[in-house]
Number of protein chains: 2
Amino acid sequence: MPNLTGQDEREEISHAIPYPTIRRMPAYHRYLKGLQSDGLAMVSCTRIAESLDLEPIQVRKDLAMTGTVGRPRIGYPVDALIGAIETVLGWDRWSEAFLVGAGNLGSAILGYRAFKAIGLNIVAAFDIDPRRVGKMIHDVPVLAMEKLANLARRMKIRIGVITVPAEAAEDAAKALVRGGIEAIWNFSPLALTGLHVGKDVIIENVSLASSLAVLIRRLGQTKAAQP
Amino acid sequence: MPNLTGQDEREEISHAIPYPTIRRMPAYHRYLKGLQSDGLAMVSCTRIAESLDLEPIQVRKDLAMTGTVGRPRIGYPVDALIGAIETVLGWDRWSEAFLVGAGNLGSAILGYRAFKAIGLNIVAAFDIDPRRVGKMIHDVPVLAMEKLANLARRMKIRIGVITVPAEAAEDAAKALVRGGIEAIWNFSPLALTGLHVGKDVIIENVSLASSLAVLIRRLGQTKAAQP
DNA sequence: TCGATATCGATAGTATAATATCGATATCGG
DNA sequence: CCGATATCGATATTATACTATCGATATCGA
Ligand SMILES: NC(=O)c1ccc[n+]([C@@H]2O[C@H](COP(=O)([O-])OP(=O)(O)OC[C@H]3O[C@@H](n4cnc5c(N)ncnc54)[C@H](O)[C@@H]3O)[C@@H](O)[C@H]2O)c1
Ligand SMILES: NC(=O)c1ccc[n+]([C@@H]2O[C@H](COP(=O)([O-])OP(=O)(O)OC[C@H]3O[C@@H](n4cnc5c(N)ncnc54)[C@H](O)[C@@H]3O)[C@@H](O)[C@H]2O)c1
C-alpha cells in the first residue's frame with residue numbers, strides 16, 4: 001500500500017490539512033495579495049468563493065485549517081490570512097534546489113524568479129551536454145553532472161528539479177539521490193516512483209499530459225453534446 | 001454550484017469515467033508503450049501497479065473504464081489497451097491550438113513536439129511585444145495580438161494556451177474567447193474562472209505552485225519527524 | 001489429464017472530500 | 001438603542017474515490 005499522502009504516524013494538528021486544501025492555498029494567497037494591495041483589510045468567504053469559483057463552505061473549511069479566525073458578518077483579516085497561508089505552505093523560508101536538464105523547459109524554469117517567493121530557490125543547474133556546461137542561464141550556473149552529488153551534499157541541498165527527457169529521468173533522479181536529495185520535482189513524462197529512487201524520497205510528478213488529458217476530454221464532451 | 005466535472009445531463013457510458021482515472025491514463029499509456037516496444041503482448045494489473053506505484057485494484061478499475069477485457073491469469077492485451085486509452089483521451093485525432101505569450105515558458109512549450117502526440121498541435125503563437133512578433137519560434141510563427149480573434153475564427157481553433165504574466169492573463173483569455181475558442185489551458189498563476197471568460201468556456205489551470213506546495217509540505221513533514 | 005494458482009470482474013465496504021444545515025454572533029442601518 | 005441580516009463555526013449529510021473480498025476462469029506445470 002503506497003503512502004501517497006506522505007503522512008506518518010506521529011501526526012500534528014497542522015498535519016491534518018488535506019492535500020486538496022493545500023493545493024487550493026496558492027490561489028487563495030494570490031487572491032488575498034491582490035486585496036491587500038487594494039488596501040482591503042477584511043474579506044468574507046463568500047467573496048473569495050465567488051472570485052475563485054468555489055463554494056463558500058469549502059473556502060471556510062480551508063481557511064479554518066490555517067488557524068485564522070474570522071468574525072461574523074465581517075470576514076477574515078487579510079493580512080493574517082496571508083501570513084497563515086505562508087506558514088502552512090512553508091513559504092516563509094525557501095529551500096535551495098538543484099535543477100537537472102538545462103534545456104528548453106529547464107531554462108524557462110531557471111528564468112522564473114517567482115519560484116523563490118514560493119519556497120524554491122534554484123542555485124545551480126546540471127546538464128550532460130558539454131556545450132551547455134560552463135554557461136550561465138538566467139544567472140544560474142550550468143555545471144557538469146559529475147559535480148552534482150558532491151556539491152549537493154556539501155550544500156545540503158534537499159530538493160531536485162528534473163527537466164531532462166523521459167529516457168534520462170531515472171538517471172537524473174538517481175544522481176540527485178546520490179547527492180542526498182530528499183525530494184524531487186519531476187517534469188518529465190516518466191512517472192517516477194519509489195522503485196526508481198528508493199522509498200523514502202518524496203516525489204512530485206507534474207504530468208502536464210494529465211492536465212491536458214482532462215482538458216481535451218472535457219472539450220470532447222461538449223462537442224458530443226451538440227450532435 | 002460550479003460544475004467542476006464538466007458533465008452535463010445527457011451522459012453516455014464513456015462519460016462515467018472519473019477524472020482521477022483520466023489523469024492516470026497518460027501514465028498507463030506511456031508504460032504500455034514501453035512494454036509494446038519490448039515486444040510484450042499481454043500484461044497484468046499486478047505488474048502495471050507495481051511499476052507505477054498504484055494498487056492493482058485501482059489499475060483494474062481504471063482499465064475496465066476503457067472497455068478492454070482481460071483474461072484471468074494472463075492479463076490484458078497491450079496493443080488493445082493502448083488503442084483504447086488513446087480513444088478515451090482523444091489522442092487519436094489532435095486539435096489545433098493557439099498560444100498567447102511567446103516568452104520563456106511559451107517558447108519551451110512551442111518547442112515540445114510531444115504535445116502533438118497527445119492531442120495538441122500549436123499552430124501559431126501571439127505576443128504583445130513587437131520585438132517578438134514576426135519571428136519564428138521552433139517553426140511556429142509569432143503573430144500580433146490584433147490578428148488573434150479573426151484568425152482563430154477562420155481556422156476554427158478550439159484550444160488556447162496562455163503563457164503570459166498573471167497581470168495579462170485575463171486579457172489574453174478574453175482575446176482567445178473573442179476568437180471563439182472553447183477551451184483554455186492556462187499556465188499563469190492567476191486562476192482563471194468563468195467570471196473572467198464566460199461560463200461555457202472550459203478552463204484548465206495548471207498551477208505549478210500547487211504542485212510545488214504539496215512537495216514542500218511533504219518535505220516539511222519529514223523534517224518535523226526527525227527532531 | 002488434472003489440480004494448483006494467478007488474475008480477472010463483480011460486489012461490498014471504507015475513507016476521504018465536498019456540501020448542506022443551523023445556531024451563534026456582532027455589525028450595521030434605522 | 002435594537003432588530004434585521006450577513007457571516008462564522010460546528011455538526012451532519014452526501015458524494016466520490018479508493019480499497020478489500022470472493023467466486024469464476026483458464027493457464028501452466030506436474
Ligand atoms: N518543453 C516543454 O514544454 C515540456 C512540457 C512538458 C514536459 N516536458 C518535459 O520536460 C523535459 C525537458 O523538456 P525540454 O523541452 O526542455 O527538452 P530539451 O531537450 O530542450 O532539454 C533536455 C535537457 O536535458 C539534458 N539532458 C539529457 N540527458 C541528460 C542526462 N542524462 N543528464 C543530464 N542532462 C541531460 C539535455 O542536454 C538538454 O539540455 C522532457 O522530459 C519533456 O518531456 C517539457
Ligand atoms: N517560466 C516558468 O518556468 C513558469 C513557471 C510557472 C508559471 N509560469 C507562468 O507562465 C507565464 C509566462 O512565464 P514566462 O517565464 O514565460 O514569462 P515571460 O516574461 O518570459 O513571457 C511572457 C510573454 O508574454 C508576453 N505578453 C505580456 N503581456 C501580454 C499580453 N497582454 N498579450 C500577449 N502577450 C503578452 C510578453 O511579451 C512575453 O513574451 C507567467 O504567468 C508565469 O507566471 C512560468
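Below, chains carry the letters A, B, ... as their sequence lines are ordered, and counting in each starts from 1. What you see is a predicted model; the values in this text were computed from it and never measured.
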### Query
So do the side chains of A:Leu120 and A:Trp185 get within less than 4.5 Å of each other, counting heavy atoms only?
yes

#### Entry: Side-chain touch A:Leu81/A:Tyr28, heavy atoms, less than 4.5 angstrom
no

### Query
What does nucleotides 2-11 of chain C look like as a protein-contact string, B for base, S for sugar-phosphate only, - for none, at under 4.0 angstrom between heavy atoms?
---BBBBB--

### Non-hydrogen atoms of A:Glu204 and B:Leu215 that approach each other most closely
CB-CD1, 3.5 Å

### Query
Minimum heavy-atom separation for A:Met25 to A:Asp62, with atom names?
CE-O, 3.8 Å

Return the value, rounded to whole Å, for the distance between atom [atom1] of [X] and atom [atom2] of [N].
X	N	atom1	atom2	result
B:Gln58	C:dT16	CD	C1'	13 Å
B:Arg23	D:dA17	CZ	C1'	11 Å
A:Leu54	C:dA17	CG	P	16 Å
A:Leu52	C:dA18	CG	P	14 Å

### Task
Would you confirm whether A:Asn205, through its side chain, and A:Leu192, through its main-chain N or O, come within 3.5 Å as a donor-acceptor pair?
yes

### Query
Parallel, tilted or perpendicular for A:Phe98 and A:Phe126, by the 30°/60° rule?
tilted

### Query
When B:Ile216 is tested against each of A:Ile159, A:Leu89, A:Ile22, A:Ile118 for side chain to side chain contact (heavy atoms under 4.5 Å, CB included), which residue passes?
A:Ile159

### Query
Distance from B:Ile57 atom CD1 to B:Lys61 atom NZ, nearest 0.5 Å?
10.5 Å

### Query
Would you write out the dot-bracket form of DNA chain D, 5' to 3', with Watson-Crick and G-U pairs under 3.5 Å, [ ] for crossing pairs, | for pairs to other strands and . for unpaired bases?
||||||||||||||||||||||||||||||

